[in-house]
Number of protein chains: 2
Amino acid sequence: MSEIVERSGVPVATVKYYLREGLLPPGESTGATSALYGEDHVRRLALIRALTDVVGLSVAKTKVVLGLIDSPRTDLYVTLGEAVAALPPYAQDDVEDLARARSAIETLGWLYDPSYPAVAQLERALAAAESVGMPMSAERLRGYGEHLRAIAQIDIAQVPSGDAKAAIQYAVLGTALYEPILAALRRLAHQDVSSSELGARPGGA
Amino acid sequence: MSEIVERSGVPVATVKYYLREGLLPPGESTGATSALYGEDHVRRLALIRALTDVVGLSVAKTKVVLGLIDSPRTDLYVTLGEAVAALPPYAQDDVEDLARARSAIETLGWLYDPSYPAVAQLERALAAAESVGMPMSAERLRGYGEHLRAIAQIDIAQVPSGDAKAAIQYAVLGTALYEPILAALRRLAHQDVSSSELGARPGGA
DNA sequence: CAATACTGGATACTATGACTATCCAACCAC
DNA sequence: GTGGTTGGATAGTCATAGTATCCAGTATTG
């Protein structure tokens, strides 16, 4: 065990905690006081840290996501839905009306399936923006929609097509792990756009 | 006070807590046992809930963001940087090398300013994806970059241009509050793209 | 005008989450 | 055989985000 601790940089006590919580599978037991851990465990630890530290999931939600990766359910659509439900922004599933989300999705001409968790998440996010006096305009929505759809196409083009299980795993992780990248890139794009369009410059106008 | 409690839906004890923590400004005192609260306070409460519940900020980070909105610093660039630093994915500011982020930004031909917090956030997000075996390809990056830059242009076109303070407030809130919308839309776009390209359908293939 | 109800403010308490530390007995390596 | 690890169990810690209680000073109303 000292090996994976050293290679992953995660403290022993924490590794034991993940073992306890069922995030990390036990090593192959070789007697009462030792077990074998391998490359898999190191990768698993990296994944756990990525989901908790970077994506910001709780240990409980991380466990859900890992469970979906380990044994994907029936099909991609259902599995991805469950994964999405484990990702922020969390929307409680008590019946809120989905009017804003529905109207947005219809404006975009996209598939509207109210059972898909992202719909409630969108509703919540739109309601929050509105409650603060920054409602989403239809025009802005259409702009976002166009470019996000293009991004989604890029994402989907990467999904391995042969093995169904691999495809689901890729889709789940891709949804979760690329989100922070997208957020950071948007922030950087703001910089770049304002610098090149308005002449703003690092260190003050 | 019962008024804002009722209108905002936030429990009294919690309102008092926000008052204590300095997230909510005190009402205009009218004697030792009463104070006046108004529309401003209701809006402020909505903003606090939006930042904590939807964006997922801690009370402490929320306070930072609110502080920037209340009294923006020197200029937009600096203020937005501080706001961005208060947003996930958090990157500790101890000297990590920013090789991945730098290379990504250079690939895109964007402005590279290592002091801008989003650079460290990008580094962390890219490193996480890589550590899990899903590194970002240059090709995918270019695709993301193109579309996110377009989104950033939409964002910046909305920023009010007259009043500098209003512009800063808008930029800070827009960065934070639209992020969950973008995340949800991307997830929905995945649905729509896969449904129209692969023939997948709600309820199973 | 007196009883009751409601404030603002201070203080103390609780619940949850994510670790972290301690023990212990079994081993394995020398 | 004996000292240092290991796996496993149990208990303790710390931070965060509230809740709950108390209190005394109004305000209200019959």
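Because only heavy atoms are used, hydrogens play no part in the values below, and waters and symmetry mates are left out as well, while side chains stay in. Order of the sequence lines fixes the chain letters, A, B, ..., with proteins taken first and strands second; residue numbering starts at 1 for each chain.
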For A35(A) and for L57(B), locate the closest nucleotide of DNA chain D by heavy-atom distance; then report the residue assigned to the nucleotide nearer the 5' terminus.
A35(A)
Which residue, S34(B) or D53(B), contacts DNA chain D at a nucleotide closer to its 5' end, judged by nearest heavy atom?
D53(B)
Protein-nucleotide distance ([X], atom [atom1]; [N], atom [atom2]), rounded to Å:
{"X": "Y90(B)", "N": "dA15(D)", "atom1": "OH", "atom2": "P", "answer": "18 Å"}
{"X": "R49(B)", "N": "dA17(D)", "atom1": "CZ", "atom2": "C1'", "answer": "10 Å"}
{"X": "E21(B)", "N": "dG8(C)", "atom1": "CD", "atom2": "C1'", "answer": "17 Å"}
{"X": "R20(A)", "N": "dA11(D)", "atom1": "CZ", "atom2": "C1'", "answer": "10 Å"}
{"X": "K16(B)", "N": "dC13(C)", "atom1": "NZ", "atom2": "C1'", "answer": "15 Å"}
{"X": "Y17(A)", "N": "dA18(C)", "atom1": "OH", "atom2": "P", "answer": "5 Å"}
{"X": "E6(B)", "N": "dC6(C)", "atom1": "CD", "atom2": "P", "answer": "13 Å"}
{"X": "H41(B)", "N": "dG8(C)", "atom1": "NE2", "atom2": "C1'", "answer": "13 Å"}

The side chain of [X] is closest to which nucleotide in this list: [options]?
{"X": "T14(B)", "options": "dC19(C), dG8(D), dG18(D)", "answer": "dG18(D)"}
{"X": "V59(A)", "options": "dA18(C), dG18(D), dG9(C)", "answer": "dA18(C)"}
{"X": "Y37(B)", "options": "dC19(C), dG8(C), dG7(D)", "answer": "dG8(C)"}

Distance to the ring centre below 6.0 angstrom and angle to the axis at most 45 degrees; does that hold for K165(B) and Y170(B)?
no
R140(A) charged N/C atom sitting above Y178(B) aromatic ring, 6.0 Å / 45°
yes
With heavy atoms under 4.0 Å as the rule, sort S58(A) into base, sugar-phosphate or nothing.
sugar-phosphate
Looking for any heavy atom pair under 4.0 Å, which part of the strands does A13(B) touch: base, sugar-phosphate only, or nothing?
base
Pair [X]-[Y], side-chain donor/acceptor within less than 3.5 Å:
{"X": "Y112(A)", "Y": "D192(B)", "value": "no"}
{"X": "Y18(B)", "Y": "R49(B)", "value": "yes"}
{"X": "Y90(B)", "Y": "Q121(B)", "value": "no"}

Under 4.0 angstrom between Y18(A) side-chain N/O and dC19(C) OP1 or OP2
yes
